[in-house]
Protein chains: 2
Amino acid sequence: MMPTSEVGNASDAYVPVYSSSEVLEKLQEKWNSGKKQPYPAMYSSIIGGITLDPALMVIPIDDHMVHRGHGVFDTAMIVDGYLYELDTHLDRFLRSASNAKISSPFPRSTLRNILIQLTAASHCKKGSLRYWLSVGPGDFLLSPAGCPTPAFYAVVIDVDFSQCREGVKVVTSTIPMKAPQFATMKNVNYLPNVLAKMEAEEKDAFASIWIDDKGNIAEGPNINVALISKEKELLLPFFDKILSGCTAKRLLALAPKLVEQGILKSVTTRDITVDQAKNSAEMMYVGSGLPILPIIEWDGQPVGDGRVGELTLALSDLLWEDMTAGPETQRLCVPYV
Amino acid sequence: MMPTSEVGNASDAYVPVYSSSEVLEKLQEKWNSGKKQPYPAMYSSIIGGITLDPALMVIPIDDHMVHRGHGVFDTAMIVDGYLYELDTHLDRFLRSASNAKISSPFPRSTLRNILIQLTAASHCKKGSLRYWLSVGPGDFLLSPAGCPTPAFYAVVIDVDFSQCREGVKVVTSTIPMKAPQFATMKNVNYLPNVLAKMEAEEKDAFASIWIDDKGNIAEGPNINVALISKEKELLLPFFDKILSGCTAKRLLALAPKLVEQGILKSVTTRDITVDQAKNSAEMMYVGSGLPILPIIEWDGQPVGDGRVGELTLALSDLLWEDMTAGPETQRLCVPYV
């Protein structure tokens, strides 16, 4: 490191030029506080392997995903040492990539193998596995023509989640929705989603709900919305303008059990107007980390009787049971060493 | 590194777990081919200094800009050892950050000082300086509440640019435009822009033009559009739904000189319908790296007489002169050591 000159005005302060080993030290400094690191392992196709060093869980700044948002992602939950619905998420991941014109550096089976080995190497039994495909590093231009090799990244994140039984407040989002072409592919252009979430938090709500240009309910900022009508119908919006949620689809597959038992009247995907939604008996968010989060207040008005609904909890139990003890087709046993 | 097991099926191949020093070696491998590296220097607030090692020009994967696109950027050209319009670009950069709810880790004067020292350390006399503000690394969640410290990154990119005198072909984009709230702030959610550029390249065009929902011309994928009517009016669209281009604004400030000289009739910002645009005498892209790029064909039809226009070249000369020999208010002499 070159000597630092002390100057009175911070804006004129000398900016040090670090050697490679100094850069590595600086990156590692922030993780040396002794606190438990929340990401036990990362895979990067740039290095062709796994790192357990959080300081080196990095991506080249010239990757097209970093500076142009040209990347897609997906997640799978790690539940008691099992990967839940990995194949469903992986299928959506590759559909997103295709829609974003991103090819994969490896065939699907290799991506899947890497994700399983990464989870095993992480020793994490409860958390989430997040992964990205990008056109890769290149020349900082808008066109990906200068990005020769696509990149694959994956991180295991320790998360101590449990079944949500408390209800939350929501607000209608004033942030513009993305065009259907972009809302239906899971890409990293989430600034509208971030601002929608921040808007809700500023209003002491958990999250928001988007209403589409036809006046129908759409989705939350990174989560689907479902409701139960006063006639005990489970209703979800069509997936034509919103992300096709893997957990929402699993809910649609499992909920008919409650119809057979006479608890629900029907399970339907259709357009739902704001008025219909505001007159529902129960509402909920549906997403992979929850799996169901009851909604008890919307724009300051109670949903139904303003309490967590019984049918919402019945659906939550159904999904939670599937996540924690469901069939082997949905759950992959991680081969920890 | 753990031993690699050789297996017949690549999809079951052992994925190595690397030590920290091995990761660094792997990152450096791709730059060891002896070719000239295109990015001579990077600043990162994560390390609090500058690196000249391209392998370490990285960003933490948990930075909110990487996985949620919650980052803004801007560029300034380095022209013969001078930074062109740095302050104008820096002002827009901070406006973008404010609109994206991103604070800066440093006051404006410190950001400016870092950018100047980075350029000096790069020894680059011709290229571009690109910089980003992000809410910084955090916990991978959608809300930035878990991102305690915003981050500032900057890279110097060697680019051998020269005044563009050849005309290009363009096509009308079929990719949906971003909502005005997002089109007017320069953030990294550029997937629509990337796909618009790729669409044009697939049609053997240089880039595309977006038409807004009122049928007025808007902008190119990362570049403004201007035209000259048959009455010799210079016309640019309003900046209410598109990025307020620094070079386009400089053009608006300089072009009245050509009106005084009787070369142009007027300089106007207004709504321009597609029909008006398609009947123009000359058309051009306007952007910081060009500064003017003549457009000679649009959707297979010639613009004007299908040749590079004289007034387009006169405007190009005006901006090129300003970039290379303009007043000190526009050009900052870089204090190379």
Side-chain angles (χ1 to χ4, degrees), chain A residues 10-12 15-18 20 23-24 26-27 38 42-43 47-53 56-61 66-70 73 100-101 107 109-110 113-114 117 121 130 139-140 142-144 153 155 157 176 179 181-182 187-195 197-198 201 221-222, chain B residues 10-12 15-18 20 23-24 26-27 38 42 47-53 56-61 65-70 73 100-101 107 109-110 113-114 117 121 130 139-140 142-144 153 155 157 176 179 181-182 187-195 197-198 201 221-222:
Chain A
S11 67
D12 295 330
V15 182
V17 177
Y18 290 123
S20 303
V23 172
L24 192 58
K26 291 282 166 187
L27 286 171
M42 173 182 173
Y43 171 86
I47 60 167
I50 293 167
T51 176
L52 308 179
D53 181 351
L56 289 170
M57 295 182 187
V58 294
I59 165 170
I61 190 145
V66 175
H67 57 93
R68 302 294 179 177
H70 195 186
F73 72 106
K101 298 197 177 182
S109 55
T110 304
N113 172 50
I114 290 169
Q117 290 198 40
R130 176 102 36 106
D139 54 11
F140 282 113
L142 182 61
S143 167
Y153 307 98
V155 173
I157 307 161
Q181 179 176 349
F182 295 100
N187 66 80
V188 298
N189 285 225
Y190 262 41
L191 184 55
N193 312 58
V194 169
L195 294 184
K197 176 79 173 172
M198 291 175 81
E201 289 178 344
N222 61 341
Chain B
S11 67
D12 294 330
V15 182
V17 177
Y18 290 123
S20 303
V23 172
L24 192 59
K26 291 282 167 188
L27 286 171
M42 173 182 172
I47 60 167
I50 293 167
T51 176
L52 309 179
D53 181 351
L56 290 169
M57 295 183 187
V58 293
I59 166 170
I61 191 144
M65 183 164 87
V66 174
H67 58 92
R68 302 295 179 175
H70 196 187
F73 73 105
K101 297 197 177 181
S109 55
T110 303
N113 172 51
I114 290 169
Q117 289 198 41
R130 177 100 38 105
D139 54 11
F140 283 112
L142 182 62
S143 167
Y153 307 98
V155 172
I157 306 161
Q181 177 177 349
F182 295 101
N187 66 80
V188 297
N189 286 224
Y190 262 41
L191 184 55
N193 313 59
V194 170
L195 294 184
K197 177 78 173 174
M198 291 176 81
E201 289 178 344
N222 61 342

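Any value given below was found using the heavy atoms of this structure, including those in side chains, with hydrogens, waters and symmetry copies removed. Keep in mind that this is a model prediction, so the values were computed, not measured.
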Inset, instruction - Please check if the side chain of A:R130 supplies one atom and the backbone of B:H67 the other of a donor-acceptor pair under 3.5 Å. - result: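 Not at all, since once roles are kept as given, no pair shorter than 3.5 Å links the two residues.
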Inset, instruction - State whether the side chain of A:N189 and the backbone N or O of B:L191 hold a donor-acceptor pair below 3.5 Å, judged by distance alone. - result: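 Yes.
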Taking side chain as everything from C-beta outward and backbone as N, CA, C, O, which of these in [X] sits under 4.5 Å from a heavy atom of chain A? Side chain, backbone, both or neither.
X: B:L195; value: side chain
X: B:V66; value: both
X: B:A100; value: both
X: B:F140; value: both

Heavy-atom pair count under 4.5 Å with chain A, highest-scoring of [options]:
options: B:S20, B:P221, B:A121; answer: B:S20
options: B:M198, B:M42, B:M65; answer: B:M198
options: B:Y153, B:Y190, B:F73; answer: B:Y190

When you compare the side chain of [Y] with that of [X], does any pair of heavy atoms fall below 4.5 Å?
X: A:R68; Y: B:K197; result: no
X: B:P38; Y: A:D139; result: no
X: B:L24; Y: A:L24; result: yes

Inset, instruction - Measure the CD1-CD1 distance between B:I61 and A:I59 for me, rounded to the nearest 0.5 Å. - result: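 If we round to the nearest 0.5 Å, B:I61:CD1 and A:I59:CD1 are 5.0 Å apart.
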Legend entry - Max heavy-atom pair count under 4.5 Å with chain B, selected residue of A:E201, A:K101, A:Q181: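 Heavy-atom pair counts peak at A:K101.
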Inset, instruction - Among the options A:T51, A:N187, A:D53, A:V23, pick out the one with the most heavy-atom pairs lying under 4.5 Å from chain B. - result: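 Sorted descending by pairs with chain B, the first entry is A:V23.
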Looking only at heavy atoms, which two atoms of [X] and [Y] are closest? And how far apart?
X: B:V194; Y: A:P144; value: CG1-CD, 4.2 Å
X: A:P176; Y: B:F182; value: CD-CE1, 4.0 Å
X: B:G48; Y: A:P16; value: O-CG, 3.5 Å

